[in-house]
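Computed from a prediction, not measured in an experiment: that's the story for all the values here. One-based numbering, in listed order, for ligands and for the atoms of each.
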Amino acid sequence: MKIGIDIEEVKRFSKLVKDTAFLKRVFSQNEIDYCMSKKNLSQHFAVRFAGKEAVWKAINSKKNVSITDISFKNIDSGKPEVYIKNKKASDIDISFSHTKNTVVAVAIVSE
Ligand SMILES: CC(C)(COP(=O)(O)OP(=O)(O)OC[C@H]1O[C@@H](n2cnc3c(N)ncnc32)[C@H](O)[C@@H]1OP(=O)(O)O)[C@@H](O)C(=O)NCCC(=O)NCCS
């Protein structure tokens, strides 16, 4: 098993969420649509950014995966699932939590 964690401040994202080029460079269209549908969208973008870094830390032996190759889709229950290069990564689990100021993400890779 491998683990990765990341924490981010939401305020770092409050301006960035208005930068469409940044959003399209870093997030999948599904992630953009999900976050844009939420009231506190900066928190949802920030936690996904933290999630990408957490997953990257957990898998960083795989040098051919970059932060932008990692994305998340929420299933109906609300639980997020991990995708690498648009393919579901069933061996990687992610958990998100956010407050007004801070977000945190933890990733676990099973082996
Ligand atoms: C899941 C739950 C515990 C989240 O707790 P919270 O303190 O309100 O919020 P947190 O900031 O800690 O966590 C939010 C994140 O939890 C995750 N989450 C939501 N539902 C989840 C679930 N069923 N399993 C695992 N993770 C879940 C999401 O990633 C969410 O962030 P996102 O919307 O940006 O993806 C809470 O929503 C809950 O009790 N849900 C019960 C199930 C439910 O009512 N589902 C509704 C859809 S049927």
Pairwise distance CD1(Ile67) to CZ(Arg25) - rounded to 0.5 angstrom: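 It is 13.0 Å, given to the nearest 0.5 Å.
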
Gap separating the CZ atom of Phe45 from the CD atom of Glu31, nearest 0.5 angstrom: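 Taking CZ in Phe45 and CD in Glu31, the distance rounds to 8.5 Å.
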
Considering only protein heavy atoms, which is closest to [atom], and at what distance to one decimal place?
atom	answer
atom 35 (O) of ligand 1	Arg48 NH2, 2.6 Å
atom 12 (O) of ligand 1	Ser97 OG, 2.8 Å
atom 24 (N) of ligand 1	Lys79 CB, 3.5 Å
atom 30 (C) of ligand 1	His98 NE2, 4.2 Å
atom 16 (O) of ligand 1	Phe96 O, 3.7 Å
atom 48 (S) of ligand 1	Asp76 O, 4.0 Å
atom 33 (O) of ligand 1	Tyr34 OH, 2.6 Å
atom 34 (O) of ligand 1	His44 ND1, 2.7 Å

Kindly say whether [Y] contributes a backbone atom to a donor-acceptor pair with the side chain of [X] at under 3.5 angstrom?
X	Y	value
Trp56	Val65	yes
Glu111	Met1	yes
Lys52	Val26	yes

Selection from Ser95, Gly78, Ser77, Pro80 by shortest heavy-atom distance to atom 46 (C) of ligand 1: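 That would be Ser77.
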
Determine whether any protein heavy atom is located less than 4.0 Å from [atom].
atom	result
atom 4 (C) of ligand 1	no
atom 21 (C) of ligand 1	yes
atom 41 (C) of ligand 1	no
atom 9 (O) of ligand 1	no
atom 37 (O) of ligand 1	no
atom 28 (C) of ligand 1	yes

Asn86 atom CG: more than 12 heavy-atom contacts under 6.0 Å: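 Open: at most 12 neighbouring heavy atoms sit under 6.0 Å from CG of Asn86.
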
Glu53 bridged to Lys57 by N-O distance under 4.0 Å: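 Salt bridge absent between Glu53 and Lys57.
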
Side-chain ion pair, Asp93 and Lys79, N-O less than 4.0 Å: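 Salt bridge present between Asp93 and Lys79.
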
Heavy-atom side-chain proximity of Thr102 to Glu8 below 4.5 angstrom: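 Thr102 vs Glu8: side chains apart.
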
Geometric class of the Tyr34/His44 ring pair [parallel <30°, tilted 30-60°, perpendicular >60°]: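 Perpendicular, since the angle between the ring planes exceeds 60°.
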
Contact atoms of ligand 1, heavy-atom distance to Val47 under 4.0 Å: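 What qualifies from ligand 1 is 34 (O).
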
